[in-house]
Amino acid sequence: MAKKIVAGNWKMNKNLQEGIELAQGLNEALAADKPNCDVIICTPFIHLAKVSEIINHDVINLGAENCADKASGAYTGEVSAEMVKSTGAEYVILGHSERREYYNETPEILKEKVDLALANGLKILFCIGESLEQREANEQNAVVKAELEGSVFHLSAEQFANIVIAYEPIWAIGTGKTATAEQAEEIHAYIRSVVAEKYGAEVAANTSILYGGSCKASNAPELFAKPDIDGGLIGGASLKVADFKGIIDAWK
Ligand code: PEP
């Protein structure tokens with residue numbers, strides 16, 4: 001059975017004090033009302049060490065939003081997977097469409113990042129998803145398959161157990177437009193079939209496939225009720241305790 005997960009992606013929001021406040025608030029809310037799923041918060045690099053000290057890691061896992069494609073050395077401004085891991089973080093988001101689009105992260109670069117993250121003991125939230133143009137041309141299945149093949153399908157089955165897939169249609173990210181539960185289920189089932197083809201049915205059944213794109217407390221229950229949707233990767237609605245907790249509670 002795939003783990004049920006709700007993960008937050010804070011993106012470039014919250015200064016350090018605001019981030020600490022948000023992490024503390026979430027920690028308290030979940031201590032008072034234990035979640036029925038794994039919870040992950042992915043924060044900017046500068047928050048990681050401090051947030052790691054604050055949260056109860058038995059209830060909230062910590063992740064970064066990115067890591068470098070190089071192990072160490074003269075790469076000014078970069079943060080390595082090893083550095084991320086040393087903060088107490090357990091996860092890293094890789095392949096987010098914003099990084100692919102604005103920072104030109106190619107499948108080859110992402111493959112390097114994936115290998116370094118795994119070598120340093122991090123689990124990966126690996127994002128895939130099509131643009132509006134690609135969906136209108138009915139290319140979504142080919143796009144997500146190519147994204148998996150390009151950056152994670154070189155892994156052994158044992159390594160692949162550390163990958164959580166996040167399907168995020170680009171046209172639904174931050175736009176308020178959510179894929180319908182049926183649209184999301186259709187492509188999640190396809191993604192699982194592609195994983196099964198590559199790694200077998202058991203690995204596919206154990207792979208968590210999250211939905212991301214304008215997910216909120218009001219639409220999460222319908223999305224999470226679908227058999228191939230194992231939770232969500234949440235942007236905007238992860239920035240307030242009540243909103244994020246509302247999505248976590250969709251698993252109750
Ligand atoms: C995201 O960017 O990972 C995301 C899902 O954003 P939002 O929830 O704001 O659409």
Side-chain angles (χ1 to χ4, degrees), residues 4-14 18-19 22 26 37-45 47-48 60-67 89 91-105 110 113-114 117 123-132 134-135 140 143-144 147-148 151-152 163-181 183-185 187-188 191 208-224 226 228-251:
K4 307 305 178 200
I5 299 173
V6 173
N9 172 14
W10 291 5
K11 309 195 184 187
M12 197 172 73
N13 294 295
K14 306 282 177 194
E18 291 165 346
L22 175 56
L26 185 67
C37 62
D38 283 17
V39 174
I40 307 167
I41 50 174
C42 298
T43 79
F45 292 131
H47 297 66
L48 290 172
I60 304 176
N61 293 292
L62 182 62
E65 298 173 15
N66 183 28
C67 69
Y91 283 87
V92 61
I93 297 175
L94 293 175
H96 195 282
S97 58
E98 289 156 13
R99 300 234 34 114
R100 291 180 193 263
E101 186 181 346
Y102 308 145
Y103 301 97
N104 304 316
E105 293 196 358
L110 290 171
K113 293 188 178 201
V114 163
K123 295 188 180 114
I124 298 169
L125 294 161
F126 190 74
C127 303
I128 55 177
E130 79 287 354
S131 66
L132 183 59
Q134 289 165 331
R135 168 132 318 234
Q140 62 274 17
V143 169
V144 295
E147 287 177 332
L148 292 170
S151 306
V152 293
I163 304 287
V164 171
I165 297 173
Y167 167 68
E168 302 205 305
I170 298 169
W171 47 271
I173 296 179
T175 58
K177 272 190 204 163
T178 322
T180 64
Q183 271 175 325
E185 169 58 21
I187 192 155
H188 277 234
I191 292 165
S208 300
I209 308 177
L210 313 185
Y211 170 79
S214 299
C215 184
K216 35 193 182 296
S218 56
N219 57 24
E222 198 190 346
L223 286 159
F224 296 177
K226 295 292 181 193
D228 289 296
I229 302 181
D230 302 306
L233 178 56
I234 318 299
S238 71
L239 297 173
K240 285 194 186 139
V241 174
D243 293 349
F244 195 50
K245 171 88 169 34
I247 298 172
I248 293 166
D249 288 347
W251 282 117

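Indexing begins at 1, ligand by ligand and atom by atom, following the structure's order.
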Trainee: CD of Glu222: more than 12 outside heavy atoms within 6.0 angstrom?
Mentor: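 No - once you tally the heavy atoms of other residues, nucleotides and ligands closer than 6.0 Å, there are 12 at most.
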Trainee: Within the structure provided, determine whether Asp243 and Ser238 are in side-chain contact (heavy-atom separation under 4.5 Å).
Mentor: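 When only atoms from C-beta onward are counted, Ser238 and Asp243 do not touch, as no gap falls below 4.5 Å.
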Trainee: Can you sort out which atoms of ligand 1 are near Gly213, meaning under 4.0 Å from one of its heavy atoms?
Mentor: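 That gives atoms 5 (C), 10 (O) of ligand 1.
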Trainee: Is Glu105 salt-bridged to Lys113, cutoff N-O under 4.0 Å?
Mentor: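 Salt bridge between Glu105 and Lys113, a charged N being under 4.0 Å from a carboxylate O: yes.
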Trainee: I'd like the name of whichever of Lys216, His96, Glu98 reaches closest to atom 1 (C) of ligand 1 through any heavy atom.
Mentor: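 Minimum heavy-atom distance to atom 1 (C) of ligand 1 goes to His96.
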Trainee: Using a 4.0 Å cutoff against the non-hydrogen atoms of Gly212, which atoms of ligand 1 qualify?
Mentor: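 In order of number, 5 (C).
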Trainee: Inspect the contact between Glu98 and Lys11 and indicate whether a charged nitrogen and a carboxylate oxygen are less than 4.0 angstrom apart.
Mentor: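 Salt bridge: yes.
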Trainee: Find all atoms of ligand 1 within a distance of less than 4.0 Å from any non-hydrogen atom belonging to Gly236, and give their numbers and elements.
Mentor: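 Answer, ordered by atom number: 7 (P), 8 (O), 9 (O).
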Trainee: Touching ligand 1 at all, Ala172? Heavy atoms, strictly under 4.0 Å?
Mentor: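 Yes, Ala172 has a heavy atom closer than 4.0 Å to ligand 1.
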Trainee: Which atoms of ligand 1 sit under 4.0 Å from any heavy atom of Ser214?
Mentor: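 Those of ligand 1 that fall under 4.0 Å from Ser214 are 7 (P), 8 (O), 10 (O).
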Trainee: Do you know the tightest heavy-atom contact between Ser208 and Asp230?
Mentor: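 Scanning both residues, the minimum pair turns out to be CA-OD2, 3.5 Å.
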Trainee: Do Val6 and Phe244 have side chains that get closer than 4.5 Å, going by heavy atoms?
Mentor: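 Yes. Closest side-chain heavy atoms under 4.5 Å.
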Trainee: Starting from atom 2 (O) of ligand 1, find the nearest protein heavy-atom neighbour and note its residue, name and distance.
Mentor: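 Residue, atom and distance for the closest contact: Lys11 NZ, 2.5 Å.
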Trainee: Please verify whether a non-hydrogen atom of Gly174 lies at under 4.0 Å from ligand 1.
Mentor: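 Yes, Gly174 has heavy atoms under 4.0 Å from ligand 1.
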Trainee: Among all protein heavy atoms in this structure, tell me which lies nearest to atom 3 (O) of ligand 1, with the distance rounded to 0.1 Å.
Mentor: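 Ranking protein heavy atoms by distance from atom 3 (O) of ligand 1, first comes Glu168 OE2, 2.7 Å.
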Trainee: Heavy atoms, side chains only, cut-off 4.5 Å: are Asn66 and Arg99 in contact?
Mentor: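 They are in contact (side-chain heavy atoms under 4.5 Å apart), so the answer is yes.
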Trainee: Ligand 1 and Gly235, any nitrogen or oxygen pair closer than 3.5 angstrom?
Mentor: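 Looking only at distances, the answer is yes, because the N/O contact criterion of under 3.5 Å is met.
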Trainee: Report yes if the side chains of Ile170 and Glu130 come closer than 4.5 Å at any heavy-atom pair, otherwise no.
Mentor: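 Result no, sub-4.5 Å side-chain heavy-atom pair not found.
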Trainee: Heavy-atom distances under 4.0 Å decide this one: backbone, side chain, both or neither, for Asn9 against ligand 1?
Mentor: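 Within the 4.0 Å criterion, Asn9 contacts ligand 1 through side-chain atoms alone.
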